[in-house]
Asks: 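Structure below; questions to follow.
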Protein chains: 2
Amino acid sequence: MRPVAEGPIAERLTEAYSALPEGERAIVRVLLDDYPYAALESLRSLAARASVSPPTATRLFARLGWDGYADFQKAIRSEAREEDRSRLRQFVSGGSAAPSTFEQAADTLRSGLSGTLGSVSEPVLTAVAELLMGSGAVWTIGGPLSELAAEYLARQLAGLRPGVSRVPGPPQARARTMVDIGPRHTIVAYDFRRYSAATARFVAEARKRGAHVVLVTDAWDAPPAPHADHLIALPREAAGPIAPLTYEIAVTELVLVGCAGAAPGSADRLDEVEALTHTLG
Amino acid sequence: MRPVAEGPIAERLTEAYSALPEGERAIVRVLLDDYPYAALESLRSLAARASVSPPTATRLFARLGWDGYADFQKAIRSEAREEDRSRLRQFVSGGSAAPSTFEQAADTLRSGLSGTLGSVSEPVLTAVAELLMGSGAVWTIGGPLSELAAEYLARQLAGLRPGVSRVPGPPQARARTMVDIGPRHTIVAYDFRRYSAATARFVAEARKRGAHVVLVTDAWDAPPAPHADHLIALPREAAGPIAPLTYEIAVTELVLVGCAGAAPGSADRLDEVEALTHTLG
DNA sequence: CACCGGGTGTAACGAACGTTACGGGCAGCT
DNA sequence: AGCTGCCCGTAACGTTCGTTACACCCGGTG
């Protein structure tokens, strides 16, 4: 399979990459970009694709320890053949003795995401999506790190409908924002771990003014939770040694999928945004 | 029938088989027995495996309508490439009966993340982590959406070491930034899909000044790729209907795990940051 | 400034390639 | 028996291949 399961040859190329001269790097890029099919063509067309001369390719394979291009090709072919065979028994759960730090971290992310996606219920997502597409205006807000998720939601959602903004950071600007918030508006708040008192206050005030509140957090007893109409709680145990922004982004994308589904004409809008980007850029 | 899914080429061979003379049948048998790998070797070795002469093979391909062996090989290669792609697509989009939109999206995210985490090689992560912790100064930069990942890396990395900044957006500010960039500095660039010409230019110039460049992208032939010392390529096919920021964040967190591991005293620094946050807030 | 080492492209080489031309061989038909 | 059509291998052809040799350019060093 393409990059999902790379063989040792692709790894060898990847690892050696940074130590290679420019021309040979170009070859490696072509090789990995269309792996393994680029390696099945002739050395000359390979070199042409990389815009270098054939000898440069020859030198690459020599440097990496193969006995010429034919040798390299043979290795690629047998690896592909072998990988094809083993695709059936791809239920190998890794299992190798001592997983490295990275493997541990990767596993944490994998299972954490799985838990995150499993814990959000579909009716809630549907309701949130409808709310976001049906509201008069949408504001997103987040804590020190979660604000990146808030920003992400704002940007993507703005591609689907008008009237989406970030809640500004400074108190005065927040106050000016709050003045106009009313019953037809929706606030999406991201609040995690240490929780932001400012976010809780903002959410509480917005709710008092009749706005709808969607809260993405890590616990049902988070400070702003009482003021939320819809609450998406990510499992806390998913947290690794580092803040798991991955999960926040993931559920945000889930919400966005729902929003896109609820907006039939969104493709046109996205096209127009793109055209305008070009015009203004 | 070793291959799970045979393409039309294999079918063509099978159907024509009975109408073929003995020698050409032998060729077809070899072809189908080790499909499609036998077709990737030379015509001569193919003929040898079938215990016939090379011209017999040539005649087979002419008879079946291809314009020579090279033409046949090209067809085989592109078919294999296409089949590979569609296999991944099917793998990504899931196949169970009628899953809801959200379940589909969730599966996409799950398997996409799995693919992403599987495709990044550990030595590269290690090298990047060491680079990020050992450099004089680190700058992060990203495109319209990827900049969120760049921002995330900058914020988290700043908790582990001093001298981490975002590259500013406006050209003049970028120019002022560039002036001071030199050999002991490192640039981390995120560049995806539509690719940002500005990012590519910045990276190219930085590299010219001797800075190290780490590029996180979705293809080995991305525009800034030629200027990167370390390249982390996320599988392109993993992309769903929406931009997969989840994956970018995930590999960023993987890198951060490596950085944290390379900095023993980072806990103290984080504590101090927290205390200062309280003091200044 | 001269020097040096590494990286690269151009040009030329020999080898292997796929193809074509030709002739022997064999079955089936007249 | 002779003829005919098809199949197939041998031999030679021209092409394309991967490799090597060599000269140029560039950045770093004494």
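First the proteins, then the strands, lettered A, B, ... as listed; each starts at 1. Computed from a predicted structure; not experimentally measured.
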Asks: Between Arg110(A) and Asp107(A), does at least one N-O distance fall below 4.0 Å, as a salt bridge requires?
Replies: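 Salt bridge: yes.
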Asks: Among residues 59-69 of chain B, which ones have heavy-atom contacts with DNA chain D below 4.0 Å?
Replies: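 Those residues are Arg59(B), Arg63(B).
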Asks: Quick check: on DNA chain D, is the nucleotide nearest Pro55(B) upstream (toward 5') of the one nearest Ala19(B), or the reverse? Name the residue that is more 5'.
Replies: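 So the residue in question is Ala19(B).
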Asks: Could you tell me the separation between the CG atom of Leu46(B) and the P atom of dC17(C), rounded to a whole number of Å?
Replies: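 Result: 12 Å.
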Asks: Name the pairs: protein N/O against N/O of nucleotides 25-27 of chain D, kept only if under 3.5 Å.
Replies:
none

Asks: Find out whether Val52(A) and Glu24(A) are in side-chain contact, i.e. whether some heavy atom of one side chain is under 4.5 Å from a heavy atom of the other.
Replies: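 When only atoms from C-beta onward are counted, Glu24(A) and Val52(A) do not touch, as no gap falls below 4.5 Å.
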Asks: For Ser42(B), which contact category applies under a 4.0 Å heavy-atom criterion: base, sugar-phosphate, or nothing?
Replies: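 Result for Ser42(B) = sugar-phosphate.
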Asks: How are the rings of Tyr17(A) and Trp220(B) set relative to one another: parallel (under 30°), tilted (30 to 60°) or perpendicular (over 60°)?
Replies: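 If you compare the ring of Tyr17(A) with that of Trp220(B), the planes turn out perpendicular.
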Asks: Would you mind reading off the distance between Leu43(B) atom CG and dT16(D) atom P, rounded to a whole angstrom?
Replies: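 The answer, rounded to whole Å, is 16 Å.
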Asks: Check Ala225(B) against Leu231(B) and note the closest heavy-atom contact, atom names and distance.
Replies: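 Heavy atoms only, the tightest pair is CB-CD1, 3.6 Å.
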Asks: Scan Thr56(B) against the nucleic acid and name what it touches under 4.0 Å (heavy atoms): base, sugar-phosphate only, or nothing.
Replies: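 Sugar-phosphate, backbone atoms only, no base.
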Asks: Work out which heavy atom in Leu256(B) is nearest to a heavy atom in Tyr152(B); give both atom names and the distance.
Replies: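 Minimum heavy-atom contact is CD1-CE2, 4.2 Å.
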Asks: Check whether any side-chain N or O of Arg12(B) sits under 3.5 Å from a backbone N or O of Leu64(B) as a donor-acceptor pair, and report yes or no.
Replies: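 Yes, because the side chain of Arg12(B) sits within donor-acceptor range (under 3.5 Å) of the backbone of Leu64(B).
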Asks: Rounding to 10 degrees, work out the angle separating the end axes of the helix from dC1(C)-dG30(D) to dT30(C)-dA1(D) (five pairs an end).
Replies: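 Inter-axis angle at the ends, rounded: 10°.
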Asks: Quick test of your reading of the model: are Arg155(A) and Glu147(B) salt-bridged, counting only N-O distances below 4.0 Å?
Replies: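 So Arg155(A) pairs with Glu147(B) through a salt bridge.
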Asks: Taking CD from Glu22(A) and P from dG9(C), how many angstroms apart are they, rounded to a whole number?
Replies: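 Taking CD of Glu22(A) and P of dG9(C), I get 11 Å after rounding.
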Asks: Should the ring pair Tyr69(A) and Phe61(A) be called parallel, tilted or perpendicular, given that the plane angle runs from 0 to 90° and is split at 30 and 60?
Replies: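 Aromatic pair Tyr69(A)/Phe61(A) classed tilted.
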Asks: Just wondering, are more than 12 heavy atoms of other shown residues or ligands nearer than 6.0 Å to CG in Asp67(B)?
Replies: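 Atom CG in Asp67(B) is not packed in, count stays at 12 or less.
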Asks: From CZ of Arg44(A) over to C1' of dC17(D), roughly how many Å is that when rounded to an integer?
Replies: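 To the nearest whole Å, that distance equals 6 Å.
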Asks: To the nearest Å, give me how far apart CG (Leu20(B)) and C1' (dC8(D)) are.
Replies: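 Distance, rounded to whole Å: 14 Å.
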Asks: NZ of Lys74(A) versus P of dA16(C): gap in Å, rounded?
Replies: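 So the NZ-P distance, Lys74(A) to dA16(C), works out to 13 Å.
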Asks: Check the phosphate of dC8(D) against Ser53(B), side-chain N and O only, distance under 4.0 Å to OP1 or OP2. Yes or no?
Replies: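 The answer is no; no side-chain N or O of Ser53(B) sits under 4.0 Å from OP1 or OP2.
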Asks: Please determine, by modelled atom types, if Glu248(B) and Ser146(B) share a side-chain donor-acceptor pair under 3.5 angstrom.
Replies: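 A donor-acceptor contact under 3.5 Å links the two side chains.
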Asks: Could you give the CD-to-C1' distance, from Glu24(B) to dG9(D), as a whole number of Å?
Replies: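 Going from Glu24(B) (CD) to dG9(D) (C1'), I get 13 Å.
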Asks: Is it true that Arg25(A) and Asp229(B) make a salt bridge, defined as a side-chain N closer than 4.0 Å to a carboxylate O?
Replies: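 Counted as a salt bridge, because a side-chain N and a carboxylate O are separated by less than 4.0 Å.
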Asks: Ion pair present between Asp218(B) and Arg193(B), side-chain N to carboxylate O less than 4.0 angstrom?
Replies: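 Salt bridge absent between Asp218(B) and Arg193(B).
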Asks: Whole-Å distance between dC17(D) C1' and Asp71(A) CG?
Replies: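 One finds 16 Å between C1' of dC17(D) and CG of Asp71(A), rounded.
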